[in-house]
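Because the structure is predicted, anything quoted here is derived from the model rather than measured.
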Amino acid sequence: MRLFGHPVHPMLVAFPVALLALTPIWDGIAWAGVMADAKTAGYFCALAGLIGGGLALVTGFVDLIKIPASQPAAARVALIHASCALSALSLYGIAFAFRGGRAVVPGVGVLALEAAGAMALVATGWLGGHLVFRHGVGVQAGDNSAR
């Protein structure tokens with residue numbers, strides 16, 4: 001999926017990745033009792049990250065179905081990438097559902113789900129980079145010379 005000739009999916013992943021990566025950090029700070037408002041920051045990071053991640057997931061799926069049949073290796077890696085992304089969003093979503101609102105300090109179970117989601121998020125990002133840099137998915141052929 002492109003907008004003005006630029007791929008949309010890479011534009012949409014930056015904020016959800018950052019926000020979801022910060023969520024267990026804020027929640028860990030809140031759980032440790034270091035900072036009173038950390039639980040609110042964790043809540044809103046998770047909420048915004050899940051919304052942005054949902055949008056990125058949709059555009060990624062559009063890109064996935066456009067991978068040509070002549071690139072089976074790229075399609076296989078893309079399916080694993082999509083599975084990791086869906087797993088990460090699911091883990092963060094379940095943690096968000098169990099956290100009990102923005103005024104509640106998240107428990108150990110929520111932190112464990114978020115940590116597992118963070119690991120899935122790292123795998124997702126690594127595989128996304130592998131798709132672009134190794135398989136050239138989303139890269140347009142053309143003149144790449146300096147202008």
Side-chain angles (χ1 to χ4, degrees), residues 1-68 71-140 144 146:
M1 174 178 268
R2 293 187 173 274
L3 178 66
F4 304 117
H6 295 279
V8 175
H9 181 67
M11 288 188 268
L12 293 180
V13 298
F15 283 109
V17 166
L19 291 167
L20 292 175
L22 285 171
T23 300
I25 295 169
W26 283 119
D27 287 346
I29 291 170
W31 181 78
V34 175
M35 190 168 136
D37 291 335
K39 63 183 177 287
T40 303
Y43 175 87
F44 284 112
C45 279
L47 179 62
L50 287 168
I51 292 168
L55 294 171
L57 197 69
V58 169
T59 59
F61 179 73
V62 170
D63 289 347
L64 171 66
I65 61 176
K66 290 183 178 182
I67 294 176
Q71 293 182 298
R76 187 179 72 247
V77 174
L79 283 172
I80 297 168
H81 169 73
S83 298
C84 288
L86 189 56
S87 296
L89 283 178
S90 296
L91 288 163
Y92 276 105
I94 293 166
F96 188 77
F98 284 141
R99 73 183 292 127
R102 70 180 192 199
V104 178
V105 174
V108 175
V110 169
L111 287 170
L113 285 167
E114 290 173 351
M119 287 186 275
L121 197 61
V122 167
T124 302
W126 187 86
L127 289 166
H130 185 74
L131 282 167
V132 172
F133 297 113
R134 177 70 147 228
H135 295 284
V137 172
V139 177
Q140 275 187 330
N144 291 328

Hey, could you give me the CG/CG distance between L127 and L79, rounded to the nearest 0.5 Å? 11.0 Å
Using the ring-ring contact (aromatic ring centres under 6.0 Å, His included) rule, collect all pairs that involve residues 101-122, keeping only residues at least two apart or in two chains. none
Considering non-hydrogen atoms only, spot the tightest contact between I29 and A38 and give its length. CG2-CB, 3.7 Å
Any chance you could measure L50, atom CG, to C45, atom SG, to the nearest 0.5 Å? 11.0 Å
Suppose the criterion is ring-ring contact (aromatic ring centres under 6.0 Å, His included): which pairs have a residue in residues 85-118, not counting sequence neighbours? Y43-F96
Go through the structure and list residues passing side-chain contact (heavy atoms from CB on, under 4.5 Å) with V58, not counting sequence neighbours. none
Give the minimum heavy-atom separation between L131 and A74, together with the two atoms involved. CD2-O, 3.4 Å
Considering only residues two or more places apart or on different chains, which pairs with a residue in residues 127-136 satisfy salt bridge (Lys or Arg N to Asp or Glu O under 4.0 Å)? none
Of all heavy-atom pairs linking T124 and A120, the shortest is OG1-O, 2.7 Å
Expected list for residues 4-26: side-chain donor-acceptor pairs under 3.5 angstrom, two or more places apart:
{"residue": "H9", "atom": "ND1", "partner": "A56", "partner atom": "O", "Å": "2.9"}
{"residue": "H9", "atom": "ND1", "partner": "T59", "partner atom": "OG1", "Å": "3.3"}
{"residue": "H9", "atom": "ND1", "partner": "G60", "partner atom": "N", "Å": "3.3"}
{"residue": "T23", "atom": "OG1", "partner": "L19", "partner atom": "O", "Å": "2.9"}
{"residue": "T23", "atom": "OG1", "partner": "A46", "partner atom": "N", "Å": "3.3"}

Contacts under 3.5 angstrom, residues 100-119 side chains, donor-acceptor by atom type, not counting sequence neighbours:
{"residue": "E114", "atom": "OE2", "partner": "R99", "partner atom": "NH1", "Å": "3.4"}

